[in-house]
Amino acid sequence: KMKRKLYILAVLATMICAACTQNAEATKAEKLWDGEKVQLSADGQSIELNQDLIAWFYNYNNDNWAEMAYLPEFAADRVPDWDDLMRYVYYMYEKDHHLAKKISEEDFRETVQKYLPEVSFTDAPSMYLDYQNGYYTVKGFDFSGSNSFRLNSLSLVQEDVYLAEFAVLHLAEAETAETENPTPNARAIHEFAAKEGLDPADERQILKNILVREDYGDILEMTYNLTAEFRLTGDKDAPFQYLSCHRQYPDGEEYDLKDM
């Protein structure tokens, strides 16, 4: 009888812990996305998309313009490209330490653990950063163009792991400023702004208005798809810890991050 009581108590403790985890996860989701933006489907796993949630991710990725756009490709069974990881960590560190030219190996490691907690590495130089005497030093590089994210699906694949799928529009530097020989996407953006009476200079608002629509793909030719797994941290300033990332062109071919 004592063994049975202990077993029942153990089961109850497990159920209580699971409920606490779910409640904590729901609290983090509500805090980040607001309750009305997060609604689970009948199966309890897919999160129903609405314009508010799509717009939230669009705005987040504009405000944090390289966080998801320059995530290195990686997964539980795939280590990230070292050059891509180095460039990414520099961005994530530099946005909190404006114009930083040097990163200590301790700060570098803390930045990796903060955003990519399951990635392991050995300190070494790369094409973007030198490494010497315990410090990474920037060689000099730039990020060009812009990446606009359109959330296409969001689901819970584990009790605290989300899977997000995006279509991403990459625009070259000053692409929409070309009026004499515009690209198809630049022309579509100008025509949409004129049709909807939007300020033609407010590219961010124009793209947001397009990408929250269901027929966004009939207006713009999206550049690549990005799939990412992440956990929520509960920190509104750094809300995501990334567990995997993969990109491919709409036709299924692999998309090389170094093309950006």
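For the single chain, residues carry numbers from 1 onward in sequence order.
The number of heavy atoms from other shown groups lying within 6.0 Å of CD (Q248) is above 12.
The closest side-chain heavy-atom distance from W56 to L151 is not below 4.5 Å. At a threshold of 4.5 Å between non-hydrogen side-chain atoms, the residues F108 and F121 count as touching. Side-chain contact between N152 and Y216: present, with at least one pair of heavy atoms (C-beta onward) separated by less than 4.5 Å. Between Y131 and E105 the shortest side-chain heavy-atom distance falls below 4.5 Å. You'll find the side chain of F240 stays beyond 4.5 Å of the side chain of Y115, heavy atoms only. Under the 4.5 Å side-chain criterion, counting only non-hydrogen atoms from C-beta, D96 is not in contact with E94. Between F74 and E118 the shortest side-chain heavy-atom distance does not fall below 4.5 Å. In this structure, Y136 and D130 have side chains that are not in contact, with every pair of non-hydrogen atoms separated by 4.5 Å or more.
A cation-pi contact, defined as under 6.0 Å to the ring centre and within 45° of the axis, is absent between R231 and Y242.
Judged by distance alone, with hydrogens and angles left aside, the side-chain atoms of D215 form no donor-acceptor pair with the main-chain N or O of D218 at under 3.5 Å. Judged by distance alone, with hydrogens and angles left aside, the side-chain atoms of R213 form no donor-acceptor pair with the main-chain N or O of I219 at under 3.5 Å. The backbone N or O of D52 sits nowhere less than 3.5 Å from a side-chain atom of K37 that would complete a donor-acceptor pair. Counting only distance, with no hydrogens or angles, the side chain of H170 and the backbone of G145 share no donor-acceptor pair below 3.5 Å. Checking side-chain atoms of K139 against main-chain N and O of S126 turns up a donor-acceptor pair under 3.5 Å. At least one donor-acceptor pair closer than 3.5 Å links the side chain of H190 to the backbone N or O of T176.
What you find for L32 and P239 is that their closest heavy atoms are CD1-CB, 3.7 Å. When every heavy atom of L71 is checked against every heavy atom of L257, the shortest pair comes out as O-CD2, 3.5 Å. Residues C245 and P72 come closest through the heavy atom pair CB-O, 3.4 Å. Minimum interatomic distance between E229 and S244 (heavy atoms only, all atoms of both residues): OE1-OG, 2.9 Å. Listed here is the closest heavy atom pair of L129 and V138: CD2-CA, 3.4 Å. Contact between V168 and L226 at its shortest, heavy atoms only, is CG2-CB, 4.2 Å.
Using a cut-off of 4.0 Å between Lys/Arg side-chain N and Asp/Glu carboxylate O, E67 and K95 are scored as salt-bridged. Between R109 and D123, at least one side-chain N (NZ, or NE/NH1/NH2) sits under 4.0 Å from a carboxylate O, which counts as a salt bridge. Salt bridge present: R247 and E73 bring a charged side-chain N and a carboxylate O closer than 4.0 Å.
A donor and an acceptor atom, one from each side chain of T183 and E175, are located under 3.5 Å apart. At a cut-off of 3.5 Å, with distance as the only test, no side-chain donor of R187 or N185 sits close to an acceptor on the other residue. Defined by atom type and a distance below 3.5 Å, a donor-acceptor pair is missing between the side-chain atoms of T233 and Q241.
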Full working for side chain to side chain contact (heavy atoms under 4.5 Å, CB included) between W33 and L154 | CA-CA 12 Å; W33 294 317; L154 182 64; 4.0 Å; yes

Test log, rule side chain to side chain contact (heavy atoms under 4.5 Å, CB included), inputs S148 and L211 | CA-CA 9 Å; S148 296; L211 293 177; 3.9 Å; yes

List the steps, then state whether salt bridge (charged side-chain N to carboxylate O under 4.0 Å, His left out) holds for D107 with K114.
-> CA-CA 10 Å; D107 287 338; K114 181 177 181 179; over 6 Å; no

Output, in order, the C-alpha distance, side-chain angles, deciding distance and verdict of side chain to side chain contact (heavy atoms under 4.5 Å, CB included) for V79 and V119.
-> CA-CA 7 Å; V79 298; V119 169; over 6 Å; no

Do W82 and M86 pass the side chain to side chain contact (heavy atoms under 4.5 Å, CB included) test, and can you show the C-alpha distance, the side-chain angles, and the key distance before you say yes or no?
-> CA-CA 6 Å; W82 180 234; M86 293 278 273; 3.3 Å; yes

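The distance between the ring centers of Y162 and F230 falls below 6.0 angstrom. Two rings, from Y128 and Y88, have their centers 6.0 Å or more apart. The distance between the ring centers of F149 and W65 does not fall below 6.0 angstrom.
For E253, the side-chain contact (heavy atoms from CB on, under 4.5 Å) partners at least two apart in sequence or on another chain are Y249, D251. Every residue was checked against the salt bridge (Lys or Arg N to Asp or Glu O under 4.0 Å) condition with K208, not counting sequence neighbours, and none meets it.
Below 30°, between 30° and 60°, or above 60°: for Y93 and H97 the angle between ring planes is below 30°, a parallel geometry.
With L171 as the partner, the side chain to side chain contact (heavy atoms under 4.5 Å, CB included) test is satisfied by one option alone out of L207, N147, L220: L207.
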